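Values below: all heavy atoms of this structure, side chains included; hydrogens, waters and symmetry mates excluded. All values derive from a computational prediction rather than experimental measurement.
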There are 2 protein chains.
Amino acid sequence: MPAQQQNAGAPRSGAPKRGGRPAPHPSPSGDDRSLWATTAIRSAILNGEYSPGERLVEASLCERFSLSRFLVRAALQDLAGEGLVEVQRNKGAHVRKVSLAEAVEITQVRMVLEGLVAAEAAKRVTDAQAAELDEIRVLMRHAVEASEFRRYSDLNQRLHNLVRAIGSHQTAENILARLHGQLVRHQFAVSMLPGRLAVSLPQHERIIEAIRARDPDGAEAAMRAHIASVIDALHSLAEIGLS
Amino acid sequence: MPAQQQNAGAPRSGAPKRGGRPAPHPSPSGDDRSLWATTAIRSAILNGEYSPGERLVEASLCERFSLSRFLVRAALQDLAGEGLVEVQRNKGAHVRKVSLAEAVEITQVRMVLEGLVAAEAAKRVTDAQAAELDEIRVLMRHAVEASEFRRYSDLNQRLHNLVRAIGSHQTAENILARLHGQLVRHQFAVSMLPGRLAVSLPQHERIIEAIRARDPDGAEAAMRAHIASVIDALHSLAEIGLS
DNA sequence: GTCGGCATAAGTGTTGACAATCATGCTGGC
DNA sequence: GCCAGCATGATTGTCAACACTTATGCCGAC
């Protein structure tokens with residue numbers, strides 16, 4: 001994925017040398033270390049152990065994860081394909097830094113894709129799945145009443161995952177998974193905006209209702225309306241100055 | 001530059017199962033062979049020189065493109081990330097075979113993404129771009145009147161490219177480019193269906209009109225309607241038995 | 001004849017070393 | 001003091017050889 005803007009960035013004030021990384025060794029060996037290497041580095045990035053723009057030196061990664069350089073390189077190439085890191089020839093790999101404008105673009109794409117998936121879900125939903133949707137709705141209401149941010153956020157994730165599962169659209173799911181990784185950071189900020197919870201709940205309820213009613217167009221519209229409001233929230237983040 | 005590496009690669013016994021590949025050497029050397037390797041193998045696949053499901057043996061590719069195994073492997077991994085090839089551990093790489101069901105999924109995703117891009121295009125179109133759109137419309141009409149399939153197909157491509165350019169949506173464009181590569185074969189078959197030309201023209205005209213009228217919702221709807229009809233065509237391909 | 005098991009070939013996975021390139025600090029002249 | 005140019009260290013790019021896995025064909029037992 002070509003980045004539109006190269007941040008030729010001056011070395012930021014942040015510490016280039018970190019005292020010490022966690023250095024976890026849950027399974028440094030095994031049958032398929034290639035897959036594990038990619039997974040390990042990916043989750044390190046997603047957990048924020050490497051910040052956006054930070055350089056990923058192959059030798060350091062080798063040491064930290066007890067991997068050969070071969071595997072590290074393969075993993076970095078994979079992650080570059082996922083849009084999580086960016087590699088420049090002879091310059092090495094960096095954690096990709098997504099600007100707010102890019103975050104908006106990504107969310108727009110999410111909007112239309114999740115809309116598609118929601119429509120498919122409305123066509124295919126089974127009674128059991130409908131019941132599970134309803135269960136999530138109830139739990140969400142309780143979470144909002146109790147103002148439990150964390151719980152609501154988990155339910156939000158669970159709802160979107162369930163909708164994707166019901167929709168069973170491999171192609172869309174793959175792309176969504178890729179995009180999701182690229183803006184974990186931004187999404188977190190959005191969910192923290194004041195009043196977001198109360199705005200979000202009725203939108204989610206409308207999505208659930210449309211799918212339960214097996215109304216594809218309604219489900220797509222509801223999903224798009226929901227994510228459109230996330231985009232608005234992103235823009236207001238820009239005004240506040242966070243990103 | 002460096003001493004030209006000779007690929008001592010494959011001293012195997014007579015292995016050419018095929019009469020012979022074209023074996024083009026337009027630029028076997030240069031400054032960045034890594035990128036060239038990926039490009040070369042990709043276009044070989046897209047040109048149909050390797051058919052879906054066919055195995056891509058590293059040594060053969062080395063010989064054919066005069067590349068080291070290292071570069072071939074890197075290229076295959078890249079193409080796997082693009083969804084053009086599929087690699088199985090210890091089993092090697094194959095040209096990915098997209099089933100008709102997958103082609104439908106991909107086209108559905110294209111539908112919503114191109115819809116998004118069309119809407120953006122309607123918001124941003126300049127007068128000069130509007131004029132170019134109109135030019136394409138005129139040429140399309142002439143092509144249909146003369147029943148010039150090939151010319152119409154080119155114009156179709158040109159129109160979609162122009163819309164993407166106007167829309168300026170990097171994220172959507174990247175995904176669309178990836179998806180496009182995955183179904184060049186199917187798309188060709190669709191455009192050959194009888195009557196496709198006459199059906200397609202008014203749809204394209206509606207897209208052009210909506211963008212020229214700076215009507216985002218109309219543009220999105222028109223684009224979606226157009227690609228939805230391509231999906232119908234794909235289904236009818238299934239009935240005929242082609243794929 | 002056919003089926004299981006072994007020997008061998010074909011092909012991929014991985015490694016360590018070396019070359020090329022980029023970043024950095026130093027020297028010397030002005 | 002400042003800048004060009006070189007020496008040097010750090011980091012990535014590439015290779016050729018080797019290790020491992022999977023496929024293929026042969027052989028003998030039944």
Consider the side chain of Leu71(A), meaning its heavy atoms from C-beta on, and name the nucleotide among dT15(C), dA23(D), dC15(D) that approaches it most closely.
dT15(C)
Any salt bridge between Glu114(B) and Arg164(B), counting N to O under 4.0 Å?
yes
How many Å lie between [atom1] on [X] and [atom2] on [N], as a whole number?
X	N	atom1	atom2	result
Asp32(A)	dT12(C)	CG	P	17 Å
Gln88(B)	dG11(C)	CD	P	16 Å
Gln77(B)	dT14(D)	CD	P	14 Å
Glu58(B)	dT22(D)	CD	P	15 Å
Arg73(B)	dG11(C)	CZ	P	14 Å
Phe70(A)	dA17(C)	CZ	C1'	15 Å

Salt bridge (charged side-chain N to carboxylate O under 4.0 Å, His left out) partners of Glu86(B), counting only residues at least two apart
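Applying salt bridge (charged side-chain N to carboxylate O under 4.0 Å, His left out) to Glu86(B) gives none.
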By salt bridge (charged side-chain N to carboxylate O under 4.0 Å, His left out), Asp232(B) pairs with (sequence neighbours left out) none
Would you kindly compare Lys91(A) and Ser68(A) by the position of their nearest DNA chain C nucleotide and give the one closer to the 5′ end?
Ser68(A)
Looking across every strand, which nucleic acid part, if any, lies under 4.0 Å from Leu76(A) by heavy atom: base, sugar-phosphate, or nothing?
nothing
Between protein and nucleotides 18-21 of chain D, what N or O pairs are separated by less than 3.5 Å?
unit_1	atom_1	unit_2	atom_2	d
dT21(D)	O3'	Asn90(B)	ND2	3.3

Can you name the ring-ring contact (aromatic ring centres under 6.0 Å, His included) partners of His160(B), sequence neighbours left out?
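Partners of His160(B) by the ring-ring contact (aromatic ring centres under 6.0 Å, His included) criterion, ordered by chain and then number, come out as His204(B), His226(B).
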Who are the side chain to side chain donor-acceptor pair (under 3.5 Å) partners of Lys97(B), not counting sequence neighbours?
none
Test side chain to side chain contact (heavy atoms under 4.5 Å, CB included) applied to Arg151(B) - qualifying residues, sequence neighbours left out
Ala143(B), Glu148(B), Leu155(B)
